[in-house]
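Input: a single structure, listed below in structure tokens.
No hydrogens, no waters, no symmetry mates; every other heavy atom, side chains included, goes into these values.
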Number of protein chains: 2
Amino acid sequence: MAQFDVLPVNQIAGKATMDSMPVRCRSCGVRDTALCASLGDGELSALHDIGRRRIIPAGQVVSWAGDPNAICANIVRGVLKVTASMADGREQIVGLLYSGDFVGQLFAEESSLTVIALTETDLCCYSRTSFEHVLDDFPRLERMLLKRTMSSLNDARERMLRLGRQNAQERVAGFILDVALREGLEDEEGELNVVLPISRGEMADFLGLTIETVSRQLTRLKTDGVIAFAKGDRVCTIPERERLEAIVNPF
Amino acid sequence: MAQFDVLPVNQIAGKATMDSMPVRCRSCGVRDTALCASLGDGELSALHDIGRRRIIPAGQVVSWAGDPNAICANIVRGVLKVTASMADGREQIVGLLYSGDFVGQLFAEESSLTVIALTETDLCCYSRTSFEHVLDDFPRLERMLLKRTMSSLNDARERMLRLGRQNAQERVAGFILDVALREGLEDEEGELNVVLPISRGEMADFLGLTIETVSRQLTRLKTDGVIAFAKGDRVCTIPERERLEAIVNPF
DNA sequence: CGGAACGTTGAGCATAATCAACGACTGTGG
DNA sequence: CCACAGTCGTTGATTATGCTCAACGTTCCG
């Protein structure tokens with residue numbers, strides 16, 4: 001009954017704006033970076049109507065490998081990991097997804113990968129089949145998805161080079177550099193500061209190493225002065241980016 | 001002048017059929033498996049008009065990493081490798097492409113990967129930008145490309161698990177199994193026979209190993225009776241598929 | 001206070017890389 | 001025709017890298 005008060009108010013507010021952008025979308029933090037950016041304000045309702053906001057606590061599974069592939073989503077806030085695993089428990093993180101990224105494999109009846117929230121995460125979830133139908137009606141949406149999928153494929157292939165050909169030192173250094181370039185901030189002294197989004201164990205699963213090896217390589221980078229840690233094990237400072245780059249791409 | 005005789009004849013032959021399928025496409029071996037399968041006979045001319053057949057000898061580079069990303073293509077016949085490499089020469093094969101597969105990264109100004117023909121290869125080449133324009137006009141073509149790209153992404157992710165978490169024995173066995181399931185033929189005794197499409201060195205580059213390790217693992221599989229070689233190093237027989245599968249996916 | 005989760009460090013070991021030698025096969029040129 | 005180099009694959013000896021097992025410190029929370 002309380003819902004009755006709330007919902008109509010939102011709808012009225014929506015109609016009161018110049019265009020017909022749905023209310024939930026109007027305040028959405030990834031309106032201009034997620035796939036939605038390919039839709040005009042008026043077109044958003046097609047996605048809005050099939051979407052549902054969901055908050056996932058850290059550590060919770062979003063979708064299991066082997067389950068029917070029922071949902072896909074835009075990430076509004078948070079970080080997800082996509083993992084592949086073997087029967088005996090060996091695990092590999094095959095992708096990390098951030099705000100604005102799209103989650104889910106379309107056109108497949110069964111999902112072969114497990115998706116887990118690393119931080120508390122806001123998702124804008126769609127039924128996979130409904131999303132596929134919306135795709136039929138909005139070519140720009142499909143085009144944007146195609147571009148992103150091609151770009152993900154490229155990322156995956158670059159990561160294969162790392163997993164197949166780089167040693168532990170290069171992998172760890174490369175990971176820190178990637179995160180720093182994506183999310184890092186320069187301070188007043190020109191140092192690059194970044195919060196590592198994952199634990200040592202998750203870094204190991206991402207890099208195809210063990211926890212111990214990741215830890216040892218981090219201490220080595222630390223004693224060599226290439227990186228420094230402040231306030232815990234997650235906050236990392238990079239005094240000279242060039243030194244890190246030299247490790248990742250040697251001659 | 002001789003051309004004058006030939007070309008009109010082809011055009012007449014094209015128009016003489018019930019539909020307007022271009023001549024070159026009518027005899028094409030991958031008409032129904034490549035991306036073209038998403039187009040009706042009449043629609044084919046859009047691709048046909050911008051396409052050009054090209055024969056690439058074995059070993060020749062189709063496109064270099066770092067070059068302007070100018071072309072894409074359908075593979076009519078042959079096998080290509082897609083490689084990523086580091087400044088110091090380390091190399092990783094990130095994809096193998098067969099007849100009917102699509103080659104090229106769209107919507108990127110520079111290509112980051114090198115493509116090389118492993119066998120003599122027939123390509124149906126398009127200028128990348130022209131192809132992108134055709135994509136605008138044929139939603140079914142774009143949809144098929146999206147599906148394939150998603151499926152390639154999935155393959156790439158499964159390969160990350162291998163590169164990150166499997167040992168040499170499992171990688172080599174897994175590779176043989178993959179090729180056998182894709183291209184192998186059962187003989188009268190129920191044995192699976194397959195011709196390995198690449199050399200030991202290329203297998204090493206594909207699996208993130210060295211030539212010596214690949215060779216040793218193959219001899220180990222051979223002495224264990226899991227596989228056998230006949231007529232050279234490329235023709236491989238698998239007496240019991242289950243034994244190979246047990247190695248790839250242990251408990 | 002006890003336990004759990006996370007991270008670091010050490011000792012020993014196993015796996016795959018490196019370095020080296022050699023056989024089989026192919027094509028080339030004398 | 002044979003000698004030769006070149007490519008490809010195999011095998012052996014040795015080494016280095018990263019894994020395994022184990023212990024221990026810190027932080028957080030019941």
Is it true that the NZ or CZ of A:Arg162 lies under 6.0 Å from the centre of A:Phe175's six-membered ring and within 45 degrees of the ring axis?
->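 No cation-pi geometry.
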B:Arg200 charged N/C atom sitting above B:Phe229 aromatic ring, 6.0 Å / 45° |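 Yes, a cation-pi geometry holds between B:Arg200 and B:Phe229.
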Nearest whole angstrom, please: distance from the [atom2] of [N] to the [atom1] of [X].
X: B:Asp205; N: C:dA17; atom1: CG; atom2: P; answer: 12 Å
X: A:Phe229; N: D:dT26; atom1: CZ; atom2: P; answer: 18 Å
X: B:Asn167; N: D:dT17; atom1: CG; atom2: C1'; answer: 16 Å
X: A:Ile211; N: D:dG18; atom1: CD1; atom2: P; answer: 17 Å
X: B:Arg220; N: D:dT11; atom1: CZ; atom2: P; answer: 14 Å
X: B:Arg90; N: C:dA17; atom1: CZ; atom2: P; answer: 12 Å
X: A:Arg234; N: D:dT27; atom1: CZ; atom2: C1'; answer: 13 Å
X: B:Leu163; N: D:dG18; atom1: CG; atom2: P; answer: 16 Å

Could you tell me whether the phosphate oxygens of C:dT9, OP1 or OP2, come under 4.0 Å of any side-chain nitrogen or oxygen in A:Thr219?
->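 A:Thr219 to C:dT9 OP1/OP2: side-chain N or O found under 4.0 Å.
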Name the residue closer to the 5' end of DNA chain C, choosing between A:Val214 and A:Arg165 according to the nucleotide with the nearest heavy atom.
->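 Between the two, 5'-proximity favours A:Val214.
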Hey, does the side-chain of A:Arg216 have a donor or acceptor N/O within less than 3.5 Å of a partner on the base of D:dT20?
->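 Side chain to base: pair present.
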[X] side-chain proximity, nearest of [options]:
X: A:Thr210; options: D:dG9, C:dA16, D:dC19; result: D:dC19
X: A:Asp233; options: D:dT11, C:dG7, D:dC19; result: C:dG7
X: B:Thr213; options: C:dG7, D:dG9, C:dA16; result: C:dA16

For A:Ala168 and for A:Glu212, locate the closest nucleotide of DNA chain D by heavy-atom distance; then report the residue assigned to the nucleotide nearer the 5' terminus.
->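 Looking at the nearest nucleotide for each, A:Ala168 comes out on the 5' side.
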For A:Gln92 against A:Arg159, the heavy-atom pair lying closest together =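 It is NE2-NH2, 4.4 Å.
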What is the nucleic acid contact for B:Leu209, judged by heavy atoms within less than 4.0 Å: base, sugar-phosphate only, or nothing?
->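 It contacts sugar-phosphate atoms only.
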Contact class for B:Gly208 vs. all strands (heavy atom < 4.0 Å): base, sugar-phosphate, or nothing?
->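 Sugar-phosphate, backbone atoms only, no base.
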State, yes or no, whether a side-chain contact exists between B:Leu123 and B:Ile71 at a heavy-atom distance under 4.5 Å.
->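 B:Leu123 does not reach B:Ile71 side chain to side chain.
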Does a donor on one side chain sit under 3.5 Å from an acceptor on the other, for A:Asp205 and A:Thr83?
->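 Per modelled atom types, A:Asp205 and A:Thr83 side chains form no pair under 3.5 Å.
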